[in-house]
Colleague: 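Sharing a structure with you now.
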Amino acid sequence: MFELVARTGRHHQRYESGCRLIAGCIPYRFRRYSEEDNSNNKSDNNIKKIVEVLMINSTSGPGLLFPKGGWENDETVEEAAAREALEEAGVRGELMHFLGHYHFKSKTLQDEFSPEGRCRAAMFALFVKEELDSWPEQSRRVRTWVTVPEAVQCCRHSWMREALENGFNKWSADGMVRTMKATNNQLDACDGDNSN
């Protein structure tokens, strides 16, 4: 078995018009929930699926985040989003839908290419297929599964909340239909029903 290592540094980062380009995702899964969880009279008719999203702690203060990071020169934006989910949250899965671009300013991401700290994040919905026991940033990150309303309340950044409310929730309300082409790896892992 090989050890996964997180990429560091900014010398291979992408910039455009003074903005650092960021890639990230909202990892999600379905949890089965029975309205009769506390009773002995359980039936399949009463089982519902609840969407949960995976968030990670911030290393610079309170609140929770979605995995995200710099988009590097040697990868596509989709590869960068999937890499960040693996490095920061220790999950692998299928990118299902592009949620949109979100602009923000960061005090910690100011550098010679983006002196004002301007960033543009491309965010995706990632259906989680695998949760790893160990991952590159596990010593710095704690992952937490929460419902969407809980995520709205504890989200550290307003732009991430916007991605959740205006991107993910809209896509969810429209039926969570895959809009992205599956890669060969995703086709091998896909069982044809992403709602299980």
Side-chain angles (χ1 to χ4, degrees), residues 22-39 41-69 77-78 80-106 108 119-132 135 137-138 140-180 191 193-196:
I22 304 291
C25 60
I26 297 179
Y28 73 96
R29 71 179 181 189
F30 296 96
R31 180 172 54 91
R32 294 184 185 277
Y33 170 76
S34 172
E35 293 176 357
E36 302 168 342
D37 271 346
N38 295 327
S39 74
N41 184 20
K42 294 182 182 178
S43 70
D44 288 341
N45 295 336
N46 293 325
I47 299 214
K48 300 182 190 265
K49 291 181 182 176
I50 295 176
V51 176
E52 292 182 319
V53 294
L54 183 65
M55 300 188 81
I56 55 176
N57 66 301
S58 169
T59 58
S60 61
L64 297 177
L65 313 169
F66 295 112
K68 60 99 181 112
V77 68
E78 295 86 358
R83 175 180 53 76
E84 290 297 335
L86 178 65
E87 289 178 0
E88 292 188 349
V91 293
R92 290 187 177 125
E94 298 176 48
L95 292 176
M96 302 298 288
H97 180 71
F98 174 64
L99 301 172
H101 286 109
Y102 300 89
H103 296 267
F104 65 98
K105 280 192 175 183
S106 170
T108 61
C119 299
R120 186 180 78 199
M123 293 295 287
F124 298 87
L126 175 87
F127 178 60
V128 174
K129 293 280 195 170
E130 181 181 13
E131 238 179 290
L132 302 176
W135 66 96
E137 295 190 21
Q138 75 179 51
R140 300 174 7 164
R141 303 282 187 186
V142 174
R143 56 187 179 198
T144 306
W145 286 101
V146 295
T147 64
V148 172
E150 290 169 334
V152 169
Q153 294 300 314
C154 62
C155 196
R156 178 180 169 98
H157 300 298
S158 59
W159 72 269
M160 287 188 179
R161 192 174 311 109
E162 181 184 348
L164 181 64
E165 293 179 316
N166 298 336
F168 188 86
N169 279 348
K170 182 180 182 320
W171 175 67
S172 179
D174 289 342
M176 298 181 109
V177 175
R178 178 198 293 270
T179 60
M180 298 184 68
D191 59 6
D193 178 11
N194 67 357
S195 63
N196 287 333

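Just so you know, these numbers use all the heavy atoms, side chains as well, and skip hydrogens, waters and symmetry mates. Just so you know, residue 1 is the first one in the sequence shown, and it goes up from there.
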Colleague: Could you walk me through whether His157 and Ser58 satisfy the side chain to side chain contact (heavy atoms under 4.5 Å, CB included) test, starting with their C-alpha distance in whole Å, then the side-chain angles of each, then the deciding distance to 0.1 Å, before giving a yes or no?
Modeller: CA-CA 10 Å; His157 300 298; Ser58 169; 5.7 Å; no

Colleague: Going through the checks in order, is the side chain to side chain contact (heavy atoms under 4.5 Å, CB included) test met by Met123 and Trp159?
Modeller: CA-CA 10 Å; Met123 293 295 287; Trp159 72 269; 3.9 Å; yes

Colleague: Which heavy-atom pair separates Met160 from Cys155 by the least distance, and what is that distance?
Modeller: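 So the minimum-distance heavy-atom pair works out to CB-SG, 3.4 Å.
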
Colleague: Rounded to the nearest 0.5 Å, how far apart are OG of Ser172 and CD1 of Ile26?
Modeller: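 One gets 10.5 Å once the value is rounded to the nearest 0.5 Å.
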
Colleague: Please confirm whether the backbone N or O of Lys68 pairs with a side-chain atom of Glu88, one donor and one acceptor, at under 3.5 Å?
Modeller: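 Yes, Glu88 side chain to Lys68 backbone: donor-acceptor pair under 3.5 Å.
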
Colleague: Is a donor on one side and an acceptor on the other found under 3.5 Å between the side chain of Glu84 and the backbone of Ala81?
Modeller: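 A pair under 3.5 Å: no.
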
Colleague: On a heavy-atom basis, which atom in Asn169 and which in Glu165 lie closest, and how many Å separate them?
Modeller: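 Heavy-atom minimum between the residues: CB-O, 3.2 Å.
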
Colleague: Taking the inter-plane angle between the rings of Tyr28 and Trp171 on a 0 to 90° scale, is it parallel (under 30°), tilted (30 to 60°) or perpendicular (over 60°)?
Modeller: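 Aromatic pair Tyr28/Trp171 classed perpendicular.
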
Colleague: Minimum heavy-atom separation for Pro27 to Phe66, with atom names?
Modeller: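 That closest heavy-atom pairing would be CD-CD2, 4.2 Å.
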
Colleague: Check whether any side-chain N or O of Arg143 sits under 3.5 Å from a backbone N or O of Gly90 as a donor-acceptor pair, and report yes or no.
Modeller: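 Yes, Arg143 side chain to Gly90 backbone: donor-acceptor pair under 3.5 Å.
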
Colleague: Could you grab the distance from atom CG of Leu126 to atom CG of Leu54, nearest 0.5 Å is fine?
Modeller: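 These two atoms lie 9.5 Å from each other.
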
Colleague: Could you measure the distance from the CZ atom of Arg141 to the CG atom of Asn57? Nearest 0.5 Å is fine.
Modeller: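 The distance works out to 6.0 Å.
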
Colleague: Test your reading of the model: is there a side-chain donor-acceptor pair from Asn166 to the backbone of Leu99, 3.5 Å cut-off?
Modeller: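 Side chain of Asn166 to backbone of Leu99, a donor-acceptor pair under 3.5 Å: no, none is there.
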
Colleague: Would you say Phe98 and Val77 make side-chain contact, with heavy atoms under 4.5 Å?
Modeller: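 No, side chains not in contact.
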
Colleague: Please answer whether the main-chain N or O of Lys129 pairs with a side-chain N or O of Arg92 as donor and acceptor at a distance below 3.5 Å.
Modeller: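 Not a single qualifying donor-acceptor pair exists.
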
Colleague: Would you say the side-chain atoms of Arg161 pair up with the backbone N or O of Val152, donor to acceptor, closer than 3.5 Å?
Modeller: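 A pair under 3.5 Å: yes.
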
Colleague: What are the two closest heavy atoms between Ala151 and Val146, and how far apart are they?
Modeller: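 Closest approach of Ala151 to Val146: CB-CG2, 3.7 Å.
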
Colleague: Is there a side-chain contact between Phe30 and Ile50 (heavy atoms, below 4.5 Å)?
Modeller: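 No, their side chains stay 4.5 Å or more apart.
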
Colleague: Minimum heavy-atom separation for Pro67 to Ala85, with atom names?
Modeller: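 Scanning both residues completely, I find the closest heavy atoms to be CB-CA, 3.8 Å.
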
Colleague: I'd like to know if Glu52 pairs up with Arg29 as an ion pair, taking the criterion as any Lys NZ or Arg NE/NH1/NH2 lying under 4.0 Å from an Asp or Glu carboxylate oxygen.
Modeller: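 Counted as a salt bridge, because a side-chain N and a carboxylate O are separated by less than 4.0 Å.
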
Colleague: Any heavy-atom pair between the side chains of Phe168 and Met176 that's under 4.5 Å?
Modeller: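 In short, these two side chains touch, coming nearer than 4.5 Å.
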
Colleague: Could you go through the side chain to side chain contact (heavy atoms under 4.5 Å, CB included) check for Phe104 and Glu162 one step at a time?
Modeller: CA-CA 11 Å; Phe104 65 98; Glu162 181 184 348; over 6 Å; no

Colleague: Nearest 0.5 Å, please: how far is CD1 in Ile56 from CD in Gln138?
Modeller: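 If we round to the nearest 0.5 Å, Gln138:CD and Ile56:CD1 are 13.0 Å apart.
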
Colleague: Can you tell if the side chain of Phe124 reaches within under 4.5 Å of the side chain of Met180, non-hydrogen atoms only?
Modeller: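 A side-chain contact exists here, since the closest heavy-atom pair is under 4.5 Å.
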
Colleague: If I take atom CD from residue Gln153 and atom CG from residue Leu64, how far apart are they, to the nearest 0.5 angstrom?
Modeller: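 Here the interatomic distance stands at 12.0 Å.
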
Colleague: Say you draw a straight line from OG1 of Thr179 to NE2 of His97; how long is it, rounded to the nearest 0.5 Å?
Modeller: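 Here the rounded value is 4.5 Å.
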
